[in-house]
Amino acid sequence: MKDERGNTKTIGLMIEDINSDFSKEIIYSIQNTISSNKNLRLVVIAGKYNESDEIYDKWQHYRIVYNSIFRIEELCQFDGLIISLSSIGQRKVKTLDTQAFEVFTDLPKVYIASNLEEVISVNYDNEIGIREAVDYLVNVNGVKKLCMLGGRENNVDAVERKRCFIKCLEENRIEFSEELYEATDMSPHTKEAAARLLDRNPGTQAVFCVNDSVAVGLYEVMKERGMTPGKELVVFGFDNTYRASEMNPPLASIGCSSLTLGQKALELLITMIGGTEVSSAKIPTRLYGRESLPYEMYEYTVREMVNIDPDFIYRMFDDCFYRYGNREYDRESVNLKRLYFEFIYRMLAAAKRRFMGVEEFNEVGRMIDIFFDNGALAYTDAAKLLNRMEKLQYGINLMNPSVSSNVMINRLFVRMKDRAIQALSNELIKTKREEVVNRSLKQTFLIESTVFNESEKRTVDSVIKGFSCLGLRNAALYLYEAPIVYEYKKMDGFPKTVRLRCAIKDGEVYVPSKERQSYRIADIFRNEKRPFSGNGYVVFPVFYGTVIYGFLLCELTYGISDRGEEISNLLGGVLYINIGRGD
């Protein structure tokens, strides 16, 4: 998508707490949607959750200075904004349409998880998924005592989910009282809140967590008390993030049933940029069952297998590889959904005709290898995949017991399971190796940037010298002409220009000459101004205490959400050691 001058459209995403599960899901659902569109560029400007404008402890002070990064979006030239903010956001977004921010007055904007009136917003239809979970627990499992670990009063979804939970209980003739509810800060650090809730409610049969992160503290308390999620106590969360599938045991969670919040927000924004009016949207939700609350949305019936119903095969894929969804893919990428249909159809057809030849066996096996080689496991949970394969295998064997063709088909199922386990093992090994390498790189950077002879002068150049040791493949360090000392409630604005002190492109560091270092912040995402190419970027503030040096621009990769803040903090600390409040 290009503007009137043929330039690539730049989409700004304002979000908070980039390392939270919810933010990661938003970011990468948008990025995956535009990954094949060379004419769209995503720029993520992420701040911190900030519950008030007052400084009352060191963490609040840190968050307030960190949120100075939002000054950048006031200077950048975006074609549209997606805004996913609560706390600071609910106060800040109300100013985006005022004369104080004239650049945003007519700018297309879509809000995520917002209750602001007269704006275009995308929200979950929280009630659908919550009702599905509560109805199943009460009417099928006979659960009568359900509690909730809730969220913050200023969080739109937290308030709405509590309302829906109470409504669903009352519809099932279960009385709600505040004793059944405990508020949290919506982070994984909810152990004390979870303990209070369980202590106050002996005999609790199920707990609804306002998001998946909150369930972490509950799991810790249950482990200490010898309780297993899904056995002594049913647990389910919300947002269906990667964290849910990685917990032990995996956490059942409510999530979108089709489009994600990020995908829908981008869809609406692109339509608005094109000049067409749009309306706010609600995303339907559903319950994704796992061990903490076993629940099956679809049945794998023998009749559907015998009939080789295409809708059944595609439904099976959507149920198991639910993260694949409506993912965009280009001509060069493999359509995993279609590939899955092909090899499952052939296996079911062979079972129906009671024969599979060696040539077909090899061809189906090759398809299975291609399927897993192209990252199929990233779109599902390992436990869910293995469970669904066992169900399918059982159904096929039930169709034709003791038939020789089943030997070939069962060997293919073994191949699928082996490939899934191998892919999972390789990913764990890769993650562990990356952790070791990153620790070593950080140590090298600190030595390169802070260890000097007595005669050596400490300058920014000392930091640049170790920049390649940060483990970044594509990134750029922009510094203000002079460091800025943050003055609480007295900051009128930041400089409109910065200096590109160094960049790393495809792993190679380069330092521009001094006369080519100066940039207008408004220009840095333009094609001819970018220090490295890409369709996704994220900006981190570089500061130490109250001294703000500039910002770090990184290529938007999945790992940067976890490492970016640590790296920018490391840069800030080393700059303070080297130059303090100025060169």
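All residue numbers refer to positions in the sequence shown, counting from 1. This one's a predicted model, so the numbers in the text were calculated from it and none came from an experiment.
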Check: Are the side chain of Asp185 and the backbone of Ser187 linked by a donor-acceptor contact shorter than 3.5 Å?
Finding: yes
message: In the structure I gave you, are the side-chain heavy atoms of Leu575 and Val542 within less than 4.5 Å of one another anywhere?
response: yes
Quiz item: Should the pair Glu481-Arg499 be classified as a salt bridge under the 4.0 Å nitrogen-to-oxygen rule?
Solution: yes
Does the structure place the NZ or CZ of Arg161 under 6.0 Å from the centre of the six-membered ring of Phe238, at an angle of no more than 45° from the ring's axis?
yes
Determine all donor-acceptor pairs shorter than 3.5 Å in which one atom belongs to a side chain in residues 23-30; sequence neighbours excluded.
{"unit_1": "Ser23", "atom_1": "OG", "unit_2": "Glu16", "atom_2": "O", "d": "2.7"}
{"unit_1": "Ser23", "atom_1": "OG", "unit_2": "Asp17", "atom_2": "O", "d": "3.1"}
{"unit_1": "Ser23", "atom_1": "OG", "unit_2": "Ser20", "atom_2": "OG", "d": "3.1"}
{"unit_1": "Lys24", "atom_1": "NZ", "unit_2": "Asp562", "atom_2": "OD1", "d": "2.5"}
{"unit_1": "Lys24", "atom_1": "NZ", "unit_2": "Asp562", "atom_2": "OD2", "d": "3.4"}
{"unit_1": "Glu25", "atom_1": "OE2", "unit_2": "Tyr242", "atom_2": "N", "d": "3.2"}
{"unit_1": "Tyr28", "atom_1": "OH", "unit_2": "Thr557", "atom_2": "O", "d": "2.3"}
{"unit_1": "Tyr28", "atom_1": "OH", "unit_2": "Tyr558", "atom_2": "O", "d": "3.4"}
{"unit_1": "Tyr28", "atom_1": "OH", "unit_2": "Ser561", "atom_2": "OG", "d": "2.9"}
{"unit_1": "Ser29", "atom_1": "OG", "unit_2": "Glu25", "atom_2": "O", "d": "2.9"}
{"unit_1": "Ser29", "atom_1": "OG", "unit_2": "Ile26", "atom_2": "O", "d": "2.9"}
{"unit_1": "Ser29", "atom_1": "OG", "unit_2": "Thr260", "atom_2": "OG1", "d": "3.3"}

_Within the structure provided, determine whether Lys465 and Ser449 are in side-chain contact (heavy-atom separation under 4.5 Å)._
no
Check your understanding: If we ignore angles and hydrogens, is there a donor and acceptor under 3.5 Å between the side chains of Tyr62 and Asn569?
Key -> yes
Could you verify whether a donor N or O on one side chain and an acceptor N or O on the other, from Arg323 and Asn32, lie under 3.5 Å apart? no
Sorted by chain and number, sequence neighbours left out, side chain to side chain contact (heavy atoms under 4.5 Å, CB included) with Glu427 holds for Lys430, Thr431
Discussion item. Looking only at the side chains, is there a donor atom on one of Tyr322 and Asp381 sitting less than 3.5 Å from an acceptor on the other?
Written reply: yes
Any cation-pi pair here, Lys505 with Phe532, using under 6.0 Å and within 45°?
no
Rounding to 0.5 Å, atoms CZ (Arg563) and CZ (Phe540) come to a distance of 10.0 Å
